[in-house]
Amino acid sequence: MRGTSYRPRDIEPKWQEYWKRHHVYRAETDPGKPKYYVLEMLPYPSGVLHMGHVRNYSIGDALARYKRMQGFRVLHPMGWDSFGLPAENAAIKNRRDPGEWTKSNIEAMKRQLGAFGFSYDWDCETSSCEPEYYRWNQWFFLRMWERGLAYRKSAAVNWCPDCATVLANEQVVDGCCWRHEETPVEQQEREQWFFRTTAYADELLQALEFLEGGWPERVLAMQRNWIGRSVGTEVDFTVQGSGERIRVFTTRVDTIFGTTCLILAPLHPLVARLDLGGRGQALAADAASKSPDDLEKKGFFTGHHAVNPYSGEAVPVWVGNFVVMGYGTGAIMAVPAHDQRDFEFCRKHGIDVFPVIRPADSELARAGEMTEAFADYGVVERSGEFSGLASQEAIERMSAKAEAGGFGKAAETFRLRDWGISRQRYWGTPIPAIRCDRCGMVPVPDEDLPVLLPRGVELTGSGESPLRSVPEFLDADCPQCGGPAERESDTMDTFVDSSWYFYRYVDARNESAPYSTERVAFWFPIDQYIGGIEHAVLHLIYCRFFTKVMRDLGLIDWDEPIRRLFTQGMVIRDGRKMSKNLGNVVSPEELVAQYGSDTARMFALFAAPPERDLDWLDEGVEGMWRFLSRVHRFVVRNASDGVEASAAARSEADRAALRKLHQTIKRVTSDFETRWHFNTSIASIMELTNRLHDLEGQVSDGVMQASLQGLTLLLSPFAPHITEELWQVLGQEAPLLNARWPVFDPSLAREDTVQVVVQVNGRLRDRLTVPKGLARNQLTARARESERIQALLAGRTVRKVIEVPDRLVNFVAM
RNA sequence: GCCCGGGUGGCGAAACUGGUAGACGCAACGGACUUAAAAUCCGUAGUCCGUCAGGACGUGUGGGUUCGAAUCCCACCCCGGGUACCA
């Protein structure tokens, strides 16, 4: 983990208040308040554990035990993910009703977790397929709809003709369906429901600043990238004849005098209106079917011209396959001299190239001699009143002119798009809307919530949403006019569920509200969230968005749900990430059956630090099993009845044992509190075991008892079963889980002597064993006594001596 | 292309602040115990040269800063991940 130090820096004035709020909530550390930890992923109820989850939950379980022994309560909910896709498949297969399925899921999960020695509070059970969860998903949807944050529009979607369903972008692999690798995905226009995430784009981006220190840098970077703010100018071109305006967005308005045509996205509304015989659609379909890497720049002339408001010149209006509708305005001004893509397009279609920017120390390029665009900033030329200005200054003045002239303005645009939440699947929260021929789309009134999924649905796997074949579900009365109407059959993306499940966890039985404001205010924001890196930009943006919406609904008064985030690495196997989709998942159950869960968990934790990707190899499990057996034998052999643990050393062996014990306590404790590098914790516990082994027979009974107790306690978060047994072997009656974590005693850990390195010109020449804390001059004197050093220094002049107490002496000699 | 990570023995890795590189473990080898095997215990081990003593080299490559660099700086190479005709 990175530290939580927080450095104020230059923040735009509009974010000053925001900074204060976050600064306050960061500084607040109420030592009496329990911490709220959320594990985003837990084992699946299907009986197969995902390896990534085991690693994940191993961390969580070890932490929970450590915290408990330290006297903290960790609220530690079950994961919503347990009830996601696998549950859908299982429910479909078993034709079971969601509520029933949920209960059996929970039971199965408890059994499974019990097998791993998991222990925590179960009072926070909830799942995304419970009727009450549907209710509040729908409630949030309606509140967002009222505020224009949920809306419906026609949009291009990925469509697999074989599955006859819409695919999420993640389900499209190399232009084909993830389930039909031979079938190209089609682009289709469909009515879809969206959440207006773009309304919060600026805040989602700027607030990342305040998560620094608590969130991994790579996640912040991925989110910044994903949101993708860019600053530029919007300019209106006027179509000759019709007077229609085409708005373009550009980050380089300083090049606008070099515009030689406009290019519209194939799906730009104007293309449809101009009625070009479906050529736009065809171009779009062609582009969608090809990998972007080898897409040729195609396009056609619309037959219209538009006027550049700066130069008054008319330029042809084209349609190009490389212009995308979803970004900016869906139309660009093509400046071939100064943009490589425009250059390629215009050269191909015989459109003029007109340079207007020259490098600061060079001449303006000649169009005919250019082999590629000059895309850097420079000095503006051939641009009327702006000629001679540097690019940056020209951008400012030209934006100002657009605004003054009413044909444009300075603008920012985001790469982030609104979140399409419609799914044509059986499973998922039904969207609470009713379509009436007279009234249009009408919200389901609050008192009619929840809208539940019908039972006994025939799942044919073909055609549209299975819900469309259930008349009892589809037929509805219009809430406004009372006339016959049709219920919306789309269900919500399951990411909606995961966006706020952790709020529901702290108040899972609430029937009158999604959660009580007081209860969530006690626990939130989440102190520590643990999840996989694969959610860096999906779940972890959606849940931030939901928190901001909830804040604006007045339900909560913080801006960010998660203070600290820990992302564990992915498990790689055979060169690919281990995932249920790819089917290369290791089932730890075999390991558990063969070696037990203590060995399995310790092996996973020992393999690598948790944030790093792990290339999974089974080799080495045996070694971990040997280690635990060795500990078991050692404790059993040395435990003696009725002997009090004692830290009173009576011999050098006693001192050595206690010293190693307390050094290990320090190391393991600090790993828990800071980095979570449990691989090094386990390594140091192994060292302790080895040392005690060496000292066996030389240590007094009291000190041995103290050492064995310490060893058992240190090991217990990683190997809860075996240590619980050893705890009894050591004569303890109270459960180990309730024992106190061992306390580090610096005086016992202190080394009496240290090994010091003697260097000559930075090269290691000798080692000395000296009392710890030996003064510099004495250290040097001791170093000079060494025969080897004397031999090396004979006849040379020592120009300088570097002395680092307890570490080294370095003679710099000529 | 852009943005992140990462590159250390045969392998997983450690080195937390610039100060003994390779802790801990796997695999390997040698030995003890055993009729034998397993298990266990003891030991060896970065590479090269050398009988030993010892020496040289060594953290992707090249350079720099420093008494001293896996660690800091510059340039480059490779691997992994994210993202993209983003205007």
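Reckoned from all heavy atoms, side chains included, excluding hydrogens, waters and symmetry mates. Just so we're on the same page: letters track the sequence lines, and every chain starts at 1.
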Checking all strands, does A:Val756 fall into the base, sugar-phosphate, or nothing category for heavy-atom contacts under 4.0 angstrom? nothing
Could you classify B:G55 for me, syn or anti, using a glycosidic angle within 90° of 0 as syn? anti
What do you reckon, is CH2 of A:Trp625 surrounded by more than 12 foreign heavy atoms closer than 6.0 Å? no
Separation of atom CE in A:Met624 from atom P in B:C11, rounded to whole Å: 20 Å
Indicate yes or no: does A:Arg659 engage A:Asp752 in a salt bridge with an N to O separation below 4.0 Å. yes
Give the rounded distance in Å between these two atoms: CZ of A:Phe414 and P of B:A87. 13 Å
For atom C1', what is the distance between B:C42 and B:G6, given to the nearest Å? 39 Å
Phosphate oxygens OP1/OP2 of B:G25: is one of them under 4.0 Å from a side-chain N or O of A:Arg626? no
Out of B:C86, B:U40, B:A56, which nucleotide sits closest to the side chain of A:Arg765? B:A56
Which part of the nucleic acid, if any, lies within contact of A:Asn321, taking any heavy atom under 4.0 Å across all strands shown: a base, the sugar-phosphate backbone alone, or nothing? nothing
Kindly say if A:Ser230 contacts the phosphate of B:A87, meaning a side-chain N or O under 4.0 Å from OP1 or OP2. yes
Does A:Lys297, at its NZ atom, have more than 12 non-hydrogen atoms belonging to other residues, nucleotides or ligands within less than 6.0 Å? yes
Could you state the atom-to-atom distance from CZ of A:Phe343 to C1' of B:A87 in whole Å? 17 Å
Please measure how far the P atom in B:G10 lies from the corresponding atom in B:G63, and state the result in whole Å. 24 Å
Side chain of A:Arg415, heavy atoms from C-beta onward: which of B:G19, B:U20, B:U83 has the nearest atom to it? B:U83
In this structure, are over 12 heavy atoms from other groups packed under 6.0 Å from A:Glu787 atom CD? no
Need one value for A:Arg767: base, sugar-phosphate or nothing, where a base atom within 4.0 Å counts as base even if backbone is also close, heavy atoms only. base
Any donor-acceptor pair under 3.5 Å joining the side chain of A:Asn225 to the base of B:C3? no
State whether A:Arg763 places a side-chain N or O below 4.0 Å from either non-bridging phosphate oxygen (OP1 or OP2) of B:G58. no
Within the structure shown, what part of the strands sits under 4.0 Å from A:Val757 by heavy-atom distance: base, sugar-phosphate, or nothing? base
With nearest nucleotide decided by heavy atoms, which residue, A:Gly328 or A:Ser629, maps closer to the 5′ end of RNA chain B? A:Ser629
Taking atom C1' in both B:C67 and B:G18, compute the distance separating them and give it to the nearest angstrom. 12 Å
For the CZ atom on A:Arg347, are there more than 12 heavy atoms of other groups (residues, nucleotides or ligands in this structure) within a distance under 6.0 Å? yes
Within the 4.0 Å heavy-atom criterion, would you say A:Gln340 contacts the bases, only the backbone, or no part of the nucleic acid? nothing
Mind checking if A:Asn679 touches a base, just sugar-phosphate, or nothing, with heavy atoms under 4.0 Å? sugar-phosphate
Among B:A13, B:U20, B:C4, the one nearest A:Ala608 by side-chain distance: B:A13
Choosing from B:C85, B:C4, B:G19, which nucleotide comes nearest the side chain of A:Val324? B:C85
Would you kindly check if the NZ (Lys) or CZ (Arg) of A:Arg564 is within the cone defined by 45 degrees around the ring axis of A:Trp215 and under 6.0 Å from the six-membered ring centre? no
Does a side-chain N or O from A:Arg633 land closer than 4.0 Å to OP1 or OP2 of B:C41, or not? yes
Using the P atom on both, measure B:C74 against B:A87 and round to a whole Å. 27 Å
For B:G46 and B:C52, measure between their P atoms and round to the nearest Å. 14 Å
Separation of A:Trp226 atom CH2 from B:C4 atom P, in whole Å? 18 Å
So what does A:Gly228 touch, heavy atoms closer than 4.0 Å: a base, only the sugar-phosphate, or nothing? nothing
Side-chain contact check for A:Glu217: nearest option of B:G82, B:C42, B:G5 is B:G5
State which of B:G25, B:G19, B:A87 makes the closest approach to the side chain of A:Asn810. B:G19
Partner nucleotide, any strand, of B:A27 [Watson-Crick/G-U, under 3.5 Å]: none
In whole angstrom, give the distance that lies between atom NE2 of A:His268 and atom P of B:A87. 17 Å
Does B:A14 have OP1 or OP2 sitting under 4.0 Å from an N or O in the side chain of A:Arg612? yes
What interatomic distance, in whole Å, is found between P of B:A15 and the corresponding atom of B:G7? 12 Å
Taking only the P atom of each, what is the distance from B:A39 to B:G50 in whole angstrom? 37 Å
To the nearest angstrom, how far is A:Leu688 atom CG from B:A23 atom P? 18 Å
Nucleotide B:C3, atom P - distance to CG of A:Leu416 in whole Å: 21 Å
Partner nucleotide of B:G5 by Watson-Crick or wobble geometry (both distances under 3.5 Å): B:C79
Atom-to-atom span, NE2 of A:His693 to C1' of B:G25 - whole angstrom: 16 Å
Verify the contact: side-chain N or O of A:Arg788 to OP1 or OP2 of B:A53, cut-off strictly under 4.0 Å; return yes or no. no
Only one of A:Tyr66, A:Phe606, A:Phe718, A:Phe603 passes ring pair (Phe, Tyr, Trp, His ring centres under 6.0 Å) with A:Phe678, and that residue is A:Phe718
Indicate yes or no: does A:Glu234 engage A:Lys409 in a salt bridge with an N to O separation below 4.0 Å. yes
Could you check whether A:Glu622 gets within reach of a base, just the sugar-phosphate, or nothing at all, counting any heavy atom under 4.0 Å? nothing
Per atom distances to the A:Phe606 side chain, the nearest of B:U40, B:C24, B:C85 is B:C24
In this structure, are over 12 heavy atoms from other groups packed under 6.0 Å from A:Arg637 atom CZ? yes
Sticking with atom P, work out how far B:U71 lies from B:G64, rounded to a whole angstrom. 14 Å
Against the side chain of A:Leu764, the closest entry in B:A21, B:G19, B:C16 is B:A21
Of A:Leu792 and A:Asp694, whose closest RNA chain B nucleotide lies nearer the 5' terminus? A:Asp694
Between B:A15, B:C41, B:C67, which nucleotide has the shortest distance from any of its atoms to the side chain of A:Thr680? B:A15
Can you tell me the base-pairing partner of B:G62? Count Watson-Crick or G-U wobble geometry only, both distances below 3.5 Å, and say none if there is no partner. B:C74
For B:U83, take OP1 and OP2 only and decide whether either is under 4.0 Å from a side-chain N or O of A:Arg417. no
